[in-house]
Structures are given as C-alpha cells and as structure tokens.
Amino acid sequence: MQADLLSPAQTMRTVHLLHQHAPLVHCMTNDVVQTFTANVLLALGASPAMVIDASEAAQFSAIASALLINVGTLTQSRAQAMRAAVESANRANTPWTLDPVAVGALTLRHEFCLDLLKLHPAAIRGNASEIMALAGVSAGGRGVDTTDTAAEALPAAQSLARVSGAIVAVTGEVDYITDGQRTLAVQGGDPLMTRVVGTGCALSAVVSASCALPGDRLENVAGACTLMKLAGQQAAHGRGPGSFVPAFLDALYAMKGEVSA
C-alpha cells in the first residue's frame, strides 16, 4: 500500500486558506450534529448555513461556496430537497461533498447515495464500511459503526474515486485520502473522538469547505482531515467526552494563531 504523508506546512496552508476565504458551507446534515458542525466550521473561519426546505435549498446551494450532503437522518422529503440542492449546485459549479452515513445498512439511503454518485460529488467522506458499501464491496458495519479498517477499505476507496471522479476520504485510526491515483495518509487523532457524537459528520463539513479552496483538492481534503485529528489529540489529554467538545473547538480556533504567528 503506497500512501504519502501530508507535510505540516500543507496542513497549515489549509487552515490559512479557510480563514482567508471563509467559505460559506451549505450543510444539509444529520439533525443530531447541526450545532456541533456549525461551531466546528466557525472555529476554522468558515461560515455554516443549514437550509433544508427543497425550494430554499436549491436556491441557496447556488450561492454557497460548498454543499454538504449528509444522509444521517434521511427522509423521503429530505432526499428530494438534497437532490434539488445538488442539481442546483452542479449548475452553479458549486462543489458538493457526500457523507454516506450507514449506507449499505438501509435501503433508502443506499439507493439514494448510489443515485447521487451519478451527479459527480467533489468529495466523499465516510468510514471504512460505508466506503466499501458505496463502492459495491462486501462490508461489515453496524449502522454508523464500522467493523472494517480504513486500510482494508483503501482499494475500494481508490476504485470509487476513479469511478466517481471524487476525492475519497476513508477515515479511521489512519485516514486515507485518494483521487484514485495518488493517496495521502493522515495519522493521529484520539479514541475519545469516537465517544462524542458528530466528529465524523463535522469532518465531512470541513472537507466540504476545503473543496471550495484554491489549489490541490487532494491536499486540501487531506489537510482538513489532518487538522481535525490534530485538534482531537490536543483536546483529549486527560479529559472525558463532556469536556472534550469545548476543548476540541478551542484547539481548532487556536490553529488560526499558529498560522498568523
């Protein structure tokens, strides 16, 4: 398995660009994580908006910098709104990111995500089981929990990237980000990140924001994954999940100082 590491300078470039460009991210996301997702984006200098109604979503995605589609709390009506937003985003050349939460486990979201793949996402971010299921590979998983490792899912991620044209980020103990030809590995993080609701969903929002930045999209997405792992490491020291969340947001916000220092 050949995967390169992103340099610290490249990661800090991503942080700098997020603050410099302040991308407006249209988050059509899981109801459980909306507040946390918005706060993560704000801490990094981006601007979140949660617009859900089908008529407004289509209108807003055309003026946003990036669109996130997270199917965590999918309904039939929300699927219609999401599809309208994606189609509008494509007409406006707005990059959009797919987070295929629990795909493969449930029919509605599985068929919906497969349908959305035809609409050319800029990026796809999921855990190993989700990426394998989306790529048509037999996978484990229990809802949002993966039973496969990111390394096991890497061939499926590379295949999915080539077929879809998207940057695919398969996340776990080590994250792998690939365009089907090049692959970057991101190490770090902390197990406590899996004991707090929303870190993966928030990562997808940051990935979406990174797709709106200039430069190498593969490196920008890898930078998004890296800065979230760095913040997780810094926030976890001696803490439980209750105090982790504010410490995590503080760590993300402090990265601005590292860039300007």
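Below, each value reflects all heavy atoms present in this structure, side chains not excepted, and no hydrogens, waters or symmetry copies.
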Check: Gln10/Ser7 side-chain N/O donor and acceptor closer than 3.5 Å: yes
*Taking the side chain as every heavy atom from C-beta outward, state whether Phe248 and Met228 have any atom pair closer than 4.5 Å.*
yes
Less than 4.5 Å apart, any side-chain heavy atom of Leu154 and any of Thr183?
-> yes
Side chains of Val163 and Leu117, heavy atoms from C-beta outward: is any pair under 4.5 Å?
no
Query - Under 3.5 Å side-chain donor-acceptor pair for Arg125 and Thr97 - result: no
Check: Is there a donor-acceptor contact under 3.5 Å from the side chain of Asn70 to the main chain of Pro100?
Finding: no
I'd like to know if the side chain of Arg182 reaches the main chain of Thr178, judged simply by a donor and an acceptor atom lying under 3.5 Å from each other, with no hydrogens or angles considered. no
Checklist entry - Is the backbone N or O of Gly189 less than 3.5 Å from a side-chain atom of Gln233, with the two atoms forming a donor-acceptor pair by type? => result yes
Decide whether Asp99 and Ser204 meet the rule of one side-chain donor and one side-chain acceptor closer than 3.5 Å. yes
Requested in this report: For side chain to side chain donor-acceptor pair (under 3.5 Å), just list the numbers for Ser55 and Asp53, CA-CA rounded to whole Å, side-chain angles, deciding distance to a tenth of an Å, and then say yes or no.
Outcome: CA-CA 6 Å; Ser55 59; Asp53 180 80; 2.5 Å; yes
Check whether Asn39 reaches the backbone of Phe36 with its side chain - one donor and one acceptor, N or O, closer than 3.5 Å. no
Quick one: are Val15 and His19 in side-chain contact, heavy atoms under 4.5 Å?
yes
When every non-hydrogen atom of Pro214 is compared with those of Leu17, the smallest separation belongs to O-CD1, 3.8 Å
- Under a 4.5 Å cut-off applied to non-hydrogen side-chain atoms, are Leu184 and Tyr176 in contact? no
Given the options Met28, Met50, His26, Phe60 meets side-chain contact (heavy atoms from CB on, under 4.5 Å) only with His26
* **Flag, side chain of Ser47 to backbone of Ala22, donor-acceptor distance under 3.5 Å** => no
Can you tell me if Ser88 uses its side chain to pair, donor with acceptor, with the backbone of Ala85 under 3.5 Å?
no
So, the side chain of Arg109 versus the backbone of Val71: is there a donor-acceptor pair under 3.5 Å, distance only? yes
For a 4.5 angstrom cut-off between non-hydrogen side-chain atoms, does Pro48 reach Thr37? no
pair Val103-Phe112: side-chain heavy atoms closer than 4.5 Å | no
Between Thr14 and Glu219, the two heavy atoms sitting closest are OG1-O, 4.1 Å
Check: If only atom types and distance count, is the side chain of Glu130 paired as donor or acceptor with the main-chain N or O of Asn127 below 3.5 Å?
Finding: yes
**Study point:** Any side-chain heavy-atom pair of Leu68 and Trp96 under 4.5 Å
**Key:** no
Taking the side chain from Ser159 and the backbone from Pro155, do they hold a donor-acceptor pair closer than 3.5 Å? no
